[in-house]
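Predicted model only: the values in this text are computed from it and were never measured.
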Amino acid sequence: MTEPQLEFVACPDNQDGHRMAYWLWGDAQAPHLVVCVHGLTRQGRDFDALARTLLERSNGRIRIACPDIVGRGQSDWLRDPNAYQVPTYAADVFAMLTQLHAASRIESLDWVGTSMGGLIGMGIAGNTQLPMPAPIRRLVLNDVGPVVNREAIERIGAYVGKSGSYDSVQQAADAMWALSTGFGAHTPEEWLALSRPMLVAASSRSADGRSKVVAEQQGGPYVLHYDPAIGEPIRALTPEAISQGEAIMWALYDAIQARTLLLRGAQSDLLSSATAQAMTERGPRARLVEFENVGHAPTLVALNQRQVVADFLLH
């Protein structure tokens with residue numbers, strides 16, 4: 001399968017429920033499932049390059065699910081912005097796993113999580129009470145850990161949800177690159193491929209501005225393909241809440257049983273080298289791989305990054 005199939009799962013909430021979209025690659029009957037979960041403002045098509053590498057390396061005997069976490073991409077927007085939190089996201093992904101397991105039994109489950117996607121992965125892998133279809137066997141945490149540097153939280157909160165509209169895809173890609181240089185070097189073609197799924201025609205938004213946007217891009221002007229309200233819980237964080245969250249995440253990390261690979265951009269401002277080192281010494285004792293000339297976060301587009309992940313998941 002050279003292109004993914006777009007699927008949806010119904011998810012409960014304290015309103016009328018919502019739908020989460022996910023992109024399904026590979027053999028829909030394969031017992032080996034890899035779940036790839038994106039960062040805060042991104043969406044599931046970020047993993048296209050990695051998915052194609054995993055399919056090629058496994059001779060197609062794998063299925064890969066890449067959700068658009070609620071509020072992003074093809075997924076619904078939430079009526080309550082305060083629900084844009086890791087527990088909501090984890091519950092939605094659990095609903096997706098239940099649906100995938102009902103369609104075809106999951107016997108081997110792996111997780112690749114970038115930034116926010118890694119926090120969701122820690123929340124699921126470290127919760128031993130969840131009735132998972134299968135335990136997470138191998139866990140890839142991409143530039144994230146239990147401690148998130150407060151300066152990075154402030155930097156992210158300053159721009160999330162505050163973008164305008166763009167007359168062209170290239171203009172939008174250039175604007176996103178100005179905020180994303182930490183991703184490291186990309187060719188113009190690679191960056192455009194990462195940028196296109198981030199955009200939707202402004203005219204496709206519904207009148208209330210908060211319901212699901214349509215899938216087709218119909219020409220500019222373009223806006224970013226996520227709910228601006230996803231940034232509200234981040235900007236509301238207090239130092240006390242951050243400290244409490246770190247304690248909870250360390251407890252979850254220490255309970256993880258999966259073999260764990262920790263990726264870090266050597267210039268990351270979100271995952272400190274001290275936190276990364278601590279993660280190699282406690283809990284699942286992650287194996288650490290750092291990428292030079294990259295900050296927050298490696299995109300897993302570069303060949304050397306894809307190879308590290310594929311070697312870990314497929315051997």
Under 3.5 Å, side chain of [X] to main-chain N/O of [Y], donor-acceptor pair present?
| X | Y | answer |
| --- | --- | --- |
| Ser75 | Gly73 | no |
| Thr238 | Ala241 | yes |
| Arg196 | Val169 | no |
| Glu232 | Ala229 | no |
| Asp269 | Gly295 | no |
| Ser268 | Leu271 | yes |
| Arg72 | Gly44 | no |
| Thr98 | Phe94 | yes |
| Arg19 | Ala10 | no |
| Glu190 | His186 | no |

Least distance between heavy atoms, [X] atom then [Y] atom:
| X | Y | value |
| --- | --- | --- |
| Cys36 | Leu50 | SG-CD2, 4.3 Å |
| Thr114 | Ala297 | CG2-CB, 4.1 Å |
| Ile230 | Gly71 | CG2-O, 4.4 Å |
| Met96 | Pro67 | SD-CB, 4.2 Å |
| Asp143 | Gly265 | OD1-N, 2.8 Å |

- Message: Applying side-chain contact (heavy atoms from CB on, under 4.5 Å) to Met116 and His38, what does each step give before you reach the verdict?
- Response: CA-CA 7 Å; Met116 180 188 76; His38 59 78; 4.0 Å; yes
Using 0.5 Å steps for rounding, measure from the [atom1] atom of [X] to the [atom2] atom of [Y].
| X | Y | atom1 | atom2 | value |
| --- | --- | --- | --- | --- |
| Asp48 | Glu3 | CG | CD | 6.5 Å |
| Leu141 | Leu119 | CG | CG | 8.5 Å |
| Glu290 | Gln267 | CD | CD | 8.5 Å |
| Leu194 | Thr299 | CG | OG1 | 5.5 Å |
| Thr275 | Glu246 | OG1 | CD | 8.0 Å |
| Leu179 | Thr41 | CG | OG1 | 9.0 Å |

- Message: More than 12 heavy atoms of other residues, nucleotides or ligands under 6.0 Å from CD of Gln257: yes or no?
- Response: no
- Is it true that atom CD of Glu281 has more than 12 heavy atoms of other residues, nucleotides or ligands lying nearer than 6.0 Å?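 More than 12 heavy atoms, drawn from other residues, nucleotides or ligands, come within 6.0 Å of this atom.
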Side-chain touch [X]/[Y], heavy atoms, less than 4.5 angstrom:
| X | Y | result |
| --- | --- | --- |
| Arg57 | Asp311 | yes |
| Arg79 | Asp16 | yes |
| Leu78 | Asp227 | no |
| Asp13 | Asp80 | no |
| Trp25 | Leu54 | no |
| Ile136 | Leu109 | yes |
| Leu199 | Leu224 | yes |
| Thr53 | Val309 | no |

- List the steps and the verdict of side-chain contact (heavy atoms from CB on, under 4.5 Å) for Tyr253 and Met279. CA-CA 8 Å; Tyr253 181 78; Met279 293 170 71; 3.4 Å; yes
- Item | Leu314/Ile62 under side-chain contact (heavy atoms from CB on, under 4.5 Å): CA gap, chis, key distance, verdict | CA-CA 10 Å; Leu314 301 178; Ile62 195 172; 4.0 Å; yes
Side chains of [X] and [Y], donor plus acceptor under 3.5 Å:
| X | Y | result |
| --- | --- | --- |
| Asp110 | His32 | yes |
| His296 | Ser115 | yes |
| Gln170 | Asp174 | yes |
| Arg63 | Ser58 | no |

Check ion pair [X]-[Y] (N to O, under 4.0 angstrom):
| X | Y | value |
| --- | --- | --- |
| Glu154 | Arg235 | no |
| Asp68 | Arg45 | no |
| Arg282 | Asp254 | yes |

- Query: Phe312 ring centre to Arg138 NZ or CZ under 6.0 Å, with the angle to the axis within 45°?
  - Reply: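 Cation-pi check for Arg138 and Phe312: passes.
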- Hey, can you tell me if Trp191 and Trp177 have their rings parallel, tilted or perpendicular (30° and 60° cut-offs)? perpendicular
- Item | Worked verdict on Trp77 versus His18 for side-chain contact (heavy atoms from CB on, under 4.5 Å) | CA-CA 8 Å; Trp77 291 4; His18 57 271; over 6 Å; no
- Knowing that exactly one of Val37, Thr260, Val140 qualifies, which makes a side-chain contact (heavy atoms from CB on, under 4.5 Å) with Trp111?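 Of the listed options, the one satisfying the test is Val37.
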